[in-house]
Amino acid sequence: MSRTERKGVPTPTADLAGLIGQEIGVSRWIHVDQARIDAFAEITEDRQFIHIDPEAAKATPFGGTIAHGFLTLSLLSAMTYDAVPPLEGVVMGVNYGFDKLRFLAPVPSGSNVRGRFKLLSAEDKGGGRWLLKHEVTVEIEGAEKPALIAEWLGMQVVGG
């Protein structure tokens, strides 16, 4: 279900315990084309040839340019907005970091990727703060191996 379809369907904090261990959402496919890769290279100043030089990249084992691992990682924000419903009464959410992160396969330029989210834990930190841990797998359309797997932490603040 997309973010648009989930609008108006927030998750009550009382339901979190029952969702642990379950897949709670899958994002839309996001296209990772050369223009996106080039823009990321400029913004981050990571201009390694395997990302921005299609001719030179053809001679590598990748056979062409690939997305930066950090570009793929940065798309998690968009993916979570699509796939993970907010908590009921949420005021804000902030990125809290990662417990685990592995880049497993390169994302070739022109690929589509999407995120698959499973709730691993939900801790009530008091004061309306909830620390949520999701396992997220970023799939590459048509590929057996995912681009990355991570345990991602997010703090959601629920208002009274």
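From a predicted model like this one, the values you see are computed outputs, not experimental measurements.
V138 has its side chain out of reach of L75: every pair of non-hydrogen atoms, C-beta onward, lies at least 4.5 Å apart. In this structure, the side chains of E88 and D15 stay at 4.5 Å or more apart for every pair of heavy atoms. Side-chain atoms of I24 and H134, non-hydrogen and from C-beta on, do get closer than 4.5 Å to each other. Between L76 and F98 the shortest side-chain heavy-atom distance falls below 4.5 Å. Q156 is not listed as a side-chain neighbour of V84, based on a closest heavy-atom distance of 4.5 Å or more. L119 is not listed as a side-chain neighbour of Q22, based on a closest heavy-atom distance of 4.5 Å or more. Counting heavy atoms from C-beta outward, Y96 and L132 have side chains that stay 4.5 Å or more apart. In this structure, I149 and L104 have side chains that are in contact, with non-hydrogen atoms separated by less than 4.5 Å.
Rounding to the nearest 0.5 Å gives a distance of 10.5 Å between OG of S109 and CD1 of I66. To the nearest 0.5 angstrom, L16 atom CG is 5.5 Å from L87 atom CG. To the nearest 0.5 Å, atoms CE (M79) and CZ (R114) are separated by 10.0 Å.
Closest non-hydrogen pair, P12 versus P10, comes out as CD-O, 3.5 Å.
Between W152 and F117, the ring planes lie tilted relative to each other; the angle falls in the 30° to 60° range.
Under the 4.5 Å side-chain heavy-atom criterion for ILVMFWY residues, a single connected hydrophobic cluster contains both V113 and F70.
Within a 6.0 Å radius of CZ in R102, other residues, nucleotides and ligands contribute 12 heavy atoms or fewer.
Judged by distance alone, the side chain of R116 and the main-chain N or O of E139 form no donor-acceptor pair under 3.5 Å.
Residue T65 is tested with Q34, E55, H51 for a side-chain contact (heavy atoms from CB on, under 4.5 Å); the sole match is Q34.
A salt bridge is defined here as a Lys NZ or Arg NE, NH1 or NH2 lying under 4.0 Å from an Asp or Glu carboxylate O, and R129 with E123 fails to meet this definition.
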